[in-house]
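Down below is the structure, laid out as structure tokens.
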Amino acid sequence: MDQIEVKKILKQYRDAIRMVRFLDKKIEELDDRLTSIKTSRISGMPRGGRAKTKEDLLSEKIKFEERRDRFRKKAVQKREQTQTYIDTVLSPKHNDLLTKHYIDDLSIEEIAEQMPCSYRHAWRIYREALGMVDVSNMSVNRQ
């Protein structure tokens, strides 16, 4: 299996958890709008469209929460799967780099600072680590 396929498999957890964070922000924004919603005032100026009511905002918030919960459930499954794939790499240095990148959601640059090593060296370790991942014996469930 080539490195592109390995990356697709490994990044499924990271993508799911990023979506959870995105939806959390949306829910937080809706909460802020709900607390700041005021009764409508009549002014002489025309306003375009219909203003959202509390009920509209609440139903929107519920939909976002449902989506977030689905992504959370998916993220838990994908985290276990991703960690299993990463654990096929027996080199501690390579395993640690993949864990930091795909589970802890750190960039290669941030990992290089933590290791400490150069950015270029971290990328070389990353490419080597991708080549060490053994996904041949595992069932790939991409949903």
Side-chain angles (χ1 to χ4, degrees), residues 1-41 45-143:
M1 185 171 286
D2 66 344
Q3 289 187 355
I4 293 171
E5 288 297 312
V6 172
K7 281 190 222 180
K8 284 180 184 177
I9 292 167
L10 292 178
K11 69 182 241 137
Q12 291 176 358
Y13 166 71
R14 191 175 65 189
D15 292 344
I17 204 68
R18 284 179 178 174
M19 194 63 186
V20 169
R21 289 183 195 134
F22 169 77
L23 292 169
D24 278 339
K25 285 180 186 176
K26 288 290 196 185
I27 292 167
E28 190 176 307
E29 289 171 11
L30 285 171
D31 280 338
D32 290 344
R33 287 177 63 190
L34 279 166
T35 57
S36 67
I37 205 164
K38 299 175 184 172
T39 58
S40 59
R41 283 189 320 198
M45 298 300 293
R47 295 179 169 246
R50 179 177 79 83
K52 287 196 174 187
T53 64
K54 266 192 173 180
E55 292 78 24
D56 294 336
L57 293 174
L58 281 171
S59 71
E60 196 173 333
K61 180 183 174 188
I62 289 169
K63 288 177 187 175
F64 277 121
E65 287 172 340
E66 289 169 352
R67 284 180 63 204
R68 181 199 55 202
D69 293 342
R70 281 195 310 269
F71 274 104
R72 252 193 203 139
K73 186 184 277 187
K74 183 178 181 178
V76 168
Q77 295 167 346
K78 294 299 179 183
R79 180 187 170 100
E80 291 173 19
Q81 183 184 33
T82 301
Q83 192 64 62
T84 302
Y85 291 137
I86 290 171
D87 288 344
T88 64
V89 176
L90 300 178
S91 165
K93 173 175 60 174
H94 294 84
N95 188 300
D96 186 45
L97 187 137
L98 289 175
T99 301
K100 287 178 180 176
H101 187 60
Y102 289 106
I103 301 294
D104 300 338
D105 198 19
L106 297 176
S107 69
I108 300 298
E109 189 172 289
E110 293 168 323
I111 296 168
E113 290 173 9
Q114 287 182 5
M115 284 183 92
C117 66
S118 72
Y119 178 69
R120 235 175 140 163
H121 185 69
W123 268 104
R124 192 180 91 234
I125 295 169
Y126 172 68
R127 284 190 303 274
E128 289 171 0
L130 287 177
M132 294 177 180
V133 176
D134 181 18
V135 293
S136 60
N137 296 332
M138 299 179 206
S139 62
V140 179
N141 182 14
R142 285 201 211 140
Q143 291 179 2

Does a side-chain heavy-atom distance below 4.5 Å link [X] with [Y]?
X	Y	value
M19	R67	yes
I111	I125	no
I9	V133	no

Among residues at least two apart in sequence or on other chains, which ones pass salt bridge (charged side-chain N to carboxylate O under 4.0 Å, His left out) with [X]?
X	answer
K93	none
D87	none
E60	K52
R79	none

Query raised in the report: Taking all non-hydrogen atoms of both residues, which atom of V89 and which atom of A129 are closest, and how far apart?
Result: CG2-O, 3.9 Å
Requested in this report: Decide yes or no on side-chain contact (heavy atoms from CB on, under 4.5 Å) for L98 and H94, but give the supporting numbers first.
Outcome: CA-CA 6 Å; L98 289 175; H94 294 84; 5.6 Å; no
Going from [atom1] on [X] to [atom2] on [Y], what distance comes out if it is rounded to the nearest 0.5 angstrom?
X	Y	atom1	atom2	result
S59	L30	OG	CG	9.5 Å
F71	D15	CZ	CG	9.5 Å
L97	M115	CG	CE	5.5 Å
L58	K63	CG	NZ	12.0 Å
E29	L57	CD	CG	12.0 Å

Going by side-chain contact (heavy atoms from CB on, under 4.5 Å), name the residues that satisfy it together with [X], two or more places apart in sequence or in a different chain.
X	value
I4	D2, K8
T35	none
A75	Y13, A16, I17
D31	I27, L34, K61

Report task. Check side chain to side chain donor-acceptor pair (under 3.5 Å) between E109 and all other residues, then give those that pass, not counting sequence neighbours. Result -> none
Requested in this report: Sequence neighbours left out, what passes side chain to side chain donor-acceptor pair (under 3.5 Å) with D56? Give chain and number order.
Outcome: R50, T53
Query raised in the report: Do S118 and H121 pass the side-chain hydrogen bond (donor to acceptor under 3.5 Å, both in side chains) test, and can you show the C-alpha distance, the side-chain angles, and the key distance before you say yes or no?
Result: CA-CA 5 Å; S118 72; H121 185 69; 5.4 Å; no
Query raised in the report: Charged N to carboxylate O under 4.0 angstrom, D24 versus R72?
Result: yes
What donor-acceptor contacts under 3.5 angstrom involve side-chain atoms of residues 99-106, with partners at least two apart or in another chain?
residue, atom, partner, partner atom, Å
T99, OG1, N95, O, 2.9
T99, OG1, N95, OD1, 3.3
K100, NZ, D96, OD2, 3.2
K100, NZ, Q114, OE1, 3.3
H101, ND1, L106, O, 2.8
H101, NE2, R14, NH1, 2.9
Y102, OH, Y126, OH, 2.5
D105, OD1, R18, NE, 3.3
D105, OD1, R18, NH2, 2.8
D105, OD2, R18, NE, 3.3
D105, OD2, R21, NH1, 2.9

Query raised in the report: Is the side chain of E110 donor-acceptor paired with the backbone N or O of S107 at a distance under 3.5 Å, no angle test?
Result: yes
Report task. Would you list the pairs meeting salt bridge (charged side-chain N to carboxylate O under 4.0 Å, His left out) in which at least one residue belongs to residues 123-133, sequence neighbours left out? Result -> R124-E128
